[in-house]
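Please read the structure below before turning to the comments.
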Amino acid sequence: QVQLVESGGGLVQAGGSLRLSCAASGSIFSINVMGWYRQAPGKQRELVASISNYGNTNYADSVKGRFTISRDNAKNTMYLQMNSLKPEDTAVYYCNTKFPPYINWGQGTQVTVSS
């Protein structure tokens, strides 16, 4: 069973950058499409980016042009490069499969963007 651990969050000023990592305890090759999700207080969890084993990527309109998703199956790790951060990006960020059944959700990593 795959276990996911997110890291790399922190406090950053608007316009700054962060790189998030998602480390898996098992192979992520078997997960065809993986994604990064975020959840802000009082809001639903939303999918912000996804990537397939073919390298196909999709982004929510709110992050397009600012975030870049990537994966390294050999390292069983997925990344989210976040540039030009905005206060609206403040949330807990999680990784998981794009399609159910979901892996047990990790603790996520907190991203806080100050203005």
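Taking every heavy atom of both residues into account, Ala49 and Leu80 meet most closely at CB-CD1, 4.3 Å. The shortest non-hydrogen separation linking Pro87 to Ser115 is CG-CB, 3.7 Å.
For Lys75, there are no salt bridge (charged side-chain N to carboxylate O under 4.0 Å, His left out) partners at least two apart in sequence or on another chain. Among residues two or more places apart in sequence or in another chain, the ring pair (Phe, Tyr, Trp, His ring centres under 6.0 Å) test is passed with Tyr59 by none.
Taking CD1 from Ile31 and CG from Leu4, the interatomic distance works out to 6.0 Å, rounded to the nearest 0.5 Å. Atom CD1 in Ile69 sits 11.5 Å away from atom CG in Asn56 (nearest 0.5 Å). For the atom pair CE of Met34 and OG1 of Thr77, the computed distance is 9.5 Å after rounding to the nearest 0.5 Å. For the atom pair CG (Asn76) and CZ (Arg71), the distance works out to 9.5 Å, reported to the nearest 0.5 Å. Rounded to the nearest 0.5 Å, atoms CZ (Phe67) and CD (Gln81) are 9.5 Å apart. Taken from CG in Leu47 to CG in Asn58, the straight-line distance is 8.5 Å, to the nearest 0.5 Å.
Residues Glu88 and Val113 are not in side-chain contact: their nearest non-hydrogen atoms beyond the backbone lie 4.5 Å or more apart. Side-chain atoms of Tyr54 and Asn32, non-hydrogen and from C-beta on, do get closer than 4.5 Å to each other.
Other residues sharing a hydrophobic cluster with Phe99 under the 4.5 Å side-chain heavy-atom criterion for ILVMFWY residues are Val33.
In the hydrophobic clustering of this structure, Trp36 does not group with Tyr79; members are Ile, Leu, Val, Met, Phe, Trp, Tyr whose side-chain heavy atoms approach within less than 4.5 Å, directly or through other members. Connection of Tyr37 to Leu18 is not established within any shared hydrophobic cluster, with ILVMFWY side chains joined at heavy-atom distances below 4.5 Å, either directly or through further cluster members.
One finds a salt bridge joining Asp61 and Lys64 here, because a Lys/Arg side-chain nitrogen approaches an Asp/Glu carboxylate oxygen to under 4.0 Å.
Among residue pairs with one or both ends in residues 93-110, those qualifying as side-chain hydrogen bond (donor to acceptor under 3.5 Å, both in side chains) are Arg38-Tyr93, Gln110-Thr112; sequence neighbours excluded.
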Would you mind writing out the side-chain donor-acceptor pairs for residues 6-15 within the sub-3.5 Å range, not counting sequence neighbours?
unit_1, atom_1, unit_2, atom_2, d
Glu6, OE1, Gly108, N, 3.1
Glu6, OE2, Cys95, N, 3.0

N/O donor-acceptor pairs under 3.5 Å from side chains in residues 21-28, not counting sequence neighbours:
unit_1, atom_1, unit_2, atom_2, d
Ser25, OG, Gln3, N, 2.8
Ser27, OG, Phe29, N, 3.1

